Amino acid sequence: QWVYNILEKKAEADRIIHENPDPSNGFVLVPDLKWNQNQLDDLYLIALVHRRDIKSLRDLTAEHLLLLRNVLQEGKEAIVKRFGVPGSQLRIYLHYQPSYHHLHVHFTALGYDAPGSSVERAHLLADVIDNLAMDSMYYQKRALTFPLRADEPLFKKFQEAGKV
């Protein structure tokens, strides 16, 4: 609900850094709640797409390339304009598995070791775009590994299925 409240401007409207209002290929860029916005060393923003039918990386196909390219390009432009941080100094990625199932993209300072920014969980947006440009169904076919804590319900399901 938090995501929908932001997208509908019922919450945090004053925190929006950039918005592309297109319902199919647009998004809202907001500072992550983990970032206090006082320094750029731990810069952390989230792009929330307007579309509600894309839950995670697994749902993406070549149909979504314009949306993903918009997030990448406009997100970088908004961050350099507002904070003076160029795209070359950003890590731009999606999580798999995501912490909530509404497509969102993380923008963090390159030098910041943000939670979940390591290779086991983070998929660089530029790589995602390239993979989908080569094969529209890349993320439906590809085996994706990801870490799970022992106390997570999904881990228990993998154990019950004999997959761990």
Side-chain angles (χ1 to χ4, degrees), residues 1-7 12 15-35 42-80 82-83 85-149 152-155 158:
Q1 191 59 48
W2 167 79
V3 171
Y4 299 141
N5 287 343
I6 292 172
L7 293 173
E12 302 187 45
R15 298 186 63 205
I16 294 174
I17 302 299
H18 175 77
E19 179 175 19
N20 175 329
D22 185 278
S24 293
N25 297 307
F27 66 99
V28 171
L29 183 67
V30 294
D32 188 275
L33 296 173
K34 296 180 211 61
W35 183 41
D42 60 350
L43 176 135
Y44 198 148
L45 296 102
I46 300 285
L48 304 165
V49 302
H50 283 298
R51 289 182 63 160
R52 296 182 184 207
D53 61 326
I54 312 170
K55 303 298 182 196
S56 78
L57 187 62
R58 285 282 188 209
D59 294 327
L60 294 172
T61 66
E63 169 203 344
H64 305 111
L65 283 170
L66 180 56
L67 167 63
L68 298 173
R69 288 178 177 136
N70 284 348
V71 169
L72 181 63
Q73 187 61 38
E74 292 177 28
K76 289 193 297 189
E77 289 170 1
I79 290 170
V80 76
R82 180 73 173 266
F83 303 107
V85 178
S88 64
Q89 296 303 304
L90 297 172
R91 180 179 291 117
I92 306 165
Y93 57 95
L94 296 86
H95 281 149
Y96 191 81
Q97 292 273 334
S99 52
Y100 51 93
H101 287 87
H102 179 96
L103 189 72
H104 58 285
V105 177
H106 302 258
F107 287 76
T108 62
L110 193 57
Y112 176 47
D113 188 20
S117 65
S118 60
V119 71
E120 300 87 25
R121 192 162 174 222
H123 298 263
L124 297 176
L125 180 56
D127 291 346
V128 170
I129 290 169
D130 286 348
N131 291 336
L132 291 172
M134 285 188 296
D135 181 351
S136 179
M137 303 302 285
Y138 183 89
Y139 290 100
Q140 284 74 41
K141 298 177 194 176
R142 173 101 166 48
L144 296 172
T145 57
F146 52 90
L148 287 172
R149 291 186 321 268
E152 289 187 62
L154 185 56
F155 182 77
F158 276 115

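In this text the structure is predicted, and so the values were computed from the model without any measurement.
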Inset, instruction - Determine the minimum heavy-atom distance between I17 and P31, stating which atoms define it. - result: CG1-CD, 3.8 Å
Legend entry - Stepwise side chain to side chain contact (heavy atoms under 4.5 Å, CB included) check, V49 with H102: CA-CA 8 Å; V49 302; H102 179 96; 3.9 Å; yes
Inset, instruction - Mark yes or no: R91 above the aromatic ring of Y112, with NZ or CZ under 6.0 Å from the six-membered ring centre and no more than 45 degrees from the axis. - result: no
Inset, instruction - Measure the spacing between CG of L45 and CZ of F107 and express it to the nearest 0.5 Å. - result: 8.0 Å
Legend entry - Backbone N/O of N25 and side chain of N70: donor-acceptor pair under 3.5 Å: yes
Inset, instruction - Give a yes or no on whether the ring-centroid distance for H18 and F27 is below 6.0 angstrom. - result: yes
Inset, instruction - Could you tell me which non-hydrogen atom of Y44 sits nearest to which non-hydrogen atom of W35, and how far apart they are? - result: O-CE3, 3.4 Å
Legend entry - Nearest atoms (heavy-atom pairs only) where N20 meets D22: OD1-N, 3.0 Å
Inset, instruction - Could you walk me through whether L68 and L103 pass side chain to side chain contact (heavy atoms under 4.5 Å, CB included), step by step? - result: CA-CA 10 Å; L68 298 173; L103 189 72; 4.3 Å; yes
Inset, instruction - Give me the one residue out of T61, L94, N131 that meets side-chain contact (heavy atoms from CB on, under 4.5 Å) with Y139. - result: N131
Inset, instruction - Could you tell me the separation between the CG atom of L72 and the CG atom of L65, rounded to the nearest 0.5 Å? - result: 11.5 Å
Legend entry - Spacing of CZ belonging to R58 relative to CG belonging to L144, to within rounding of 0.5 Å: 4.0 Å
Legend entry - NZ on K76 to CG on L90, rounded to 0.5 Å: 8.0 Å
Inset, instruction - State the CG-NE2 distance between L7 and H50, to the nearest 0.5 angstrom. - result: 6.0 Å
Legend entry - Chi angles and distances behind the side chain to side chain contact (heavy atoms under 4.5 Å, CB included) call for E74, L29: CA-CA 9 Å; E74 292 177 28; L29 183 67; over 6 Å; no
Inset, instruction - Find the distance between CG (D135) and NZ (K141) and round it off to the nearest 0.5 Å. - result: 3.5 Å
Inset, instruction - Mark yes or no for whether K55, through its side chain, and R52, through its backbone, hold a donor-acceptor pair below 3.5 Å. - result: yes
Inset, instruction - Evaluate the ring planes of H104 and Y100, with Trp represented by its six-membered ring, and classify them as parallel (under 30°), tilted (30 to 60°) or perpendicular (over 60°). - result: parallel
Inset, instruction - Considering non-hydrogen atoms only, spot the tightest contact between S88 and L110 and give its length. - result: O-CD2, 3.6 Å
Inset, instruction - Determine, stepwise, if the pair L33 / E12 fulfils side chain to side chain contact (heavy atoms under 4.5 Å, CB included). - result: CA-CA 11 Å; L33 296 173; E12 302 187 45; 4.1 Å; yes
